[in-house]
Amino acid sequence: MGPALTMFTRHIFALVGFLVLIGASPILGYNVVHEKRSSAPPGWLKREPLEKDAVLPISIALTQRNLDKGYEWLMDVSDPTSSKYGRHWDAASISSAFAPCNDTVDAVRAWLISAGIASERVKQSDSRGWLKFKASVSEAEDLFKTRYHIYEHSETGQQHAACEEYSVPAHMKDKIDFVTPSVHFDVKLRARDTDNLKGSAPKRGPSGGGPKLKNWIDYSDIIKELRDCDKQITTWCLRVLYEFPPGRTANATNSFGIVEYTPEVYVPSDLDLFFKNFSTSQVGERPTLDSIDGGSIEQANMSFTANGESDLDLEYAMSLVYPQKVTLYQVGDEVEGASFNNFLDGIDASYCTYEGGDDPTQDAPYPDPSGGYQGPKDCGKYEPTKVISTSYSSNEHDLTPAYENRQCNEYMKLGLMGVSVLYSSGDYGVAGNPNQCINGAGSDAPSQNGTLGGRFNPSFPGSCPYITSVGATQVKPGVDIMTTKTQQEMACETVIYSGGGFSNVFPLPSYQASAVKGWFKDHPPPYTSEQFNNSQETRGFPDISANGANYVVAVDGKWALLYGTSASSPTLGSILTLINEERFNAGKGSIGFINPVAYAHPEVFNDITEGNNPGCATSGFNATTGWDPVTGLGTPNYRKLLELFLSLAVFEIMNV
Ligand SMILES: *[C@@H]1O[C@H](CO)[C@@H](O)[C@H](O)[C@H]1NC(C)=O
Ligand SMILES: *[C@@H]1O[C@H](CO)[C@@H](O)[C@H](O)[C@H]1NC(C)=O
Ligand SMILES: *[C@@H]1O[C@H](CO)[C@@H](O)[C@H](O)[C@H]1NC(C)=O
Ligand SMILES: *[C@@H]1O[C@H](CO)[C@@H](O)[C@H](O)[C@H]1NC(C)=O
Ligand SMILES: *[C@@H]1O[C@H](CO)[C@@H](O)[C@H](O)[C@H]1NC(C)=O
Ligand SMILES: *[C@@H]1O[C@H](CO)[C@@H](O)[C@H](O)[C@H]1NC(C)=O
Ligand SMILES: *[C@@H]1O[C@H](CO)[C@@H](O)[C@H](O)[C@H]1NC(C)=O
């Protein structure tokens, strides 16, 4: 699903004025509802119907082959007891293993032609995974037996084209994953350009997120003593907590990937202000910029909302992995923004909806019809770095299972390629972003204000079993980390609560089955299936946690204390990047998807056993001995992780 369609009418229509509108086509066979939602996600209001002659960029996601084998294949290369551990796949092997079979492609094309969509209008992606064409609203409504409306976000004013349900002929049902635009709301919310001094959630990212600001601080108030790490976190506090030294070597093939979504962008002078105080040899250093779909670091206006997340992520990631490099994936232009799928397209041609980069009119919304970035949509332009951290998240409930499964499977492919994909788990405890819960037991009823109650609302991609979901901890008040060496931290209860819980969509992966079942047995929560799916059959998250409280960050020339799993994810990612460095230097491959190793070796984490993650008018879950849906397995101990990962497999990336 692409970014928000902010432009539906004459403007985009003019761009493809060559389209010939055709009348309603005959209905072949009977139609069955393919996807449906009974209400829009929180904040989205249904407005007028789309004009019939507006043009929609339609994408049909074709059913891929072998996805049922994906889990097993990923375990083969990620399970520490597997004889194939570390034998990651190359991109070409992945593309050929999962491409839809020709029968599927031919059958869907034949249906489109019979319905009046001329063959030459329909393009297929290089991977053969998608069919794409532009259709007028009336064509699309006939084809999918639906009505499109404009939806408007009540806070940002952003517009999005969507329908409540759509149908496909019965004989197409098993050949089509889903269609966009349709019932999905994976759209970029534009940030409001206001300083947020109250600590409430700035809206941004594919569905919001961002660190929370409690207050600005004076330079003179920045602590210089490690014994005060319970009050302020600096790079030195993190090194002491997780026992990792400053980096020593800089293998040119190793870089830590940080993903940011425009208009969130870093301020170069903020990096220098931070470096002057905490990492003097880096003054003047910048991340390598991999611009996707017009992402640029230029900005008109500075504000906490526009700069807080990027400044936080880059100041810490760059300092912690130095002299390793950081690669910044800056996704989307200032006008439209972008979604997770735009990023995935940018690093993996096999996922991309774009036909090889030679038809800039084909793949709206890039070039941006509203006047932003005018280049073609980026597709497979960059190699993925071996560790990628993203501090933005959506709610599982805002998207459909089909859409989430397809994106989740893409993370599985990245894991097969040896990439560790990290996402922050969310900042509202068992509630979703921004403090929203699900209303009632049915999973598609409307969401409601989390202060008042409702069903727990898991985050996405946090609930996808192929990523590492990162929760937040804090140093216990009064603890001096120089003298107290165990149980230094608890679940974060300052300003934010660590996102955690159980998926309503994804099954329990085998790698965490005994940890999750053990938690249910030893710490049965006083809730029923009214609050969350307690079947013990669905994915639990987060997997791991890291400090997410009191980060000292330079933002817009000032110093701020920031909070959130937004901070935890780049910190864990930095540690994993330092471990990859040591493996590369020892002639080994990247660590790749780490969850199977992590759950098999809980002893390399500091178990967190205090604190909870309230939400939805409950006290949430408790951090307990062993894995828990608040802090996962606990926080990393670099020394132990390094020893473990250096003991595993020597295989290099190879063809399969
Ligand atoms: C599927 O189609 C592609 C492109 O048309 C072709 O190169 C390939 O040989 C076909 N595969 C099979 C198994 O027929
Ligand atoms: C640290 O930051 C302050 C601004 O808050 C600046 O005045 C000071 O010069 C910086 N420290 C160094 C060593 O540059
Ligand atoms: C920057 O601020 C100006 C004036 O307030 C406003 O008109 C403009 O839209 C802002 N630009 C962005 C990219 O937010
Ligand atoms: C949620 O409900 C609480 C309690 O009634 C109220 O204070 C708060 O403003 C509400 N938040 C939103 C976003 O409606
Ligand atoms: C958390 O622990 C408290 C104190 O032991 C207990 O009363 C509560 O029921 C526990 N909550 C859950 C969700 O297990
Ligand atoms: C919980 O998940 C299981 C396994 O996916 C499913 O069978 C069950 O229907 C779900 N329960 C609820 C209440 O959604
Ligand atoms: C850097 O890493 C590569 C593998 O990515 C490895 O082949 C090479 O030996 C490493 N270089 C050094 C100096 O360790």
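Residue numbers run from 1 in the order of the sequence given. As the structure lists them, so they are numbered: ligands from 1, and atoms in each ligand from 1.
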Worksheet item: Only one of Tyr423, Phe460, Tyr466 clears ring-ring contact (aromatic ring centres under 6.0 Å, His included) with Tyr411; which?
Response: Tyr423
Examine [X] together with [Y] and report whether their ring centres are nearer than 6.0 Å.
X      : Y      : answer
Phe541 : Phe506 : no
Tyr316 : Tyr551 : yes
Phe532 : Phe621 : yes
Phe502 : Phe456 : no

Worksheet item: Can you find a pair of side-chain heavy atoms, one from Ile233 and one from Val475, that are under 4.5 Å apart?
Response: yes
Discussion item. Contact between Gln436 and Tyr428 at the side-chain level, heavy atoms closer than 4.5 Å - yes or no?
Written reply: no
I'd like to check which ligand 2 atoms, numbered from 1 as shown, lie under 4.0 Å from a non-hydrogen atom of [X].
X      : answer
Leu273 : 2 (O), 3 (C), 4 (C)
Trp559 : 2 (O), 4 (C), 5 (O)
Asn277 : 1 (C), 2 (O), 3 (C), 10 (C), 11 (N)

Response to the item:
ligand 6 to Asn533, heavy atom cutoff 4.0 Å, flagged ligand atoms 1 (C), 2 (O), 3 (C), 8 (C), 10 (C), 11 (N), 12 (C), 14 (O)
Worksheet entry | Any non-hydrogen protein atom less than 4.0 Å away from atom 2 (O) of ligand 2 | yes
Discussion item. Can you check atom 7 (O) of ligand 2: any protein non-hydrogen atom closer than 4.0 Å?
Written reply: no
Practice prompt. Step by step, work out the salt bridge (charged side-chain N to carboxylate O under 4.0 Å, His left out) result for Glu582 and Arg248.
Written response: CA-CA 10 Å; Glu582 297 299 326; Arg248 295 175 297 118; 2.9 Å; yes
Practice prompt. Assess Thr538 for proximity to ligand 6: is some non-hydrogen atom of it under 4.0 Å away?
Written response: yes
Fill in: Geometric N/O contact Lys276 with ligand 2, under 3.5 angstrom
no
Worksheet item: What are the atoms of ligand 7, with element, lying closer than 4.0 Å to any heavy atom of Asn585?
Response: 12 (C), 14 (O)
Worksheet entry | Atoms in ligand 7 flagged as close to Thr253, the criterion being non-hydrogen separation under 4.0 Å | 1 (C), 2 (O), 3 (C), 4 (C), 5 (O)
Discussion item. Is it the case that ligand 6 has an N or O less than 3.5 angstrom from some N or O of Glu537?
Written reply: no
Worksheet item: Can you tell which part of Ser535 has a heavy atom less than 4.0 Å from ligand 6: side chain, backbone, both or neither?
Response: side chain
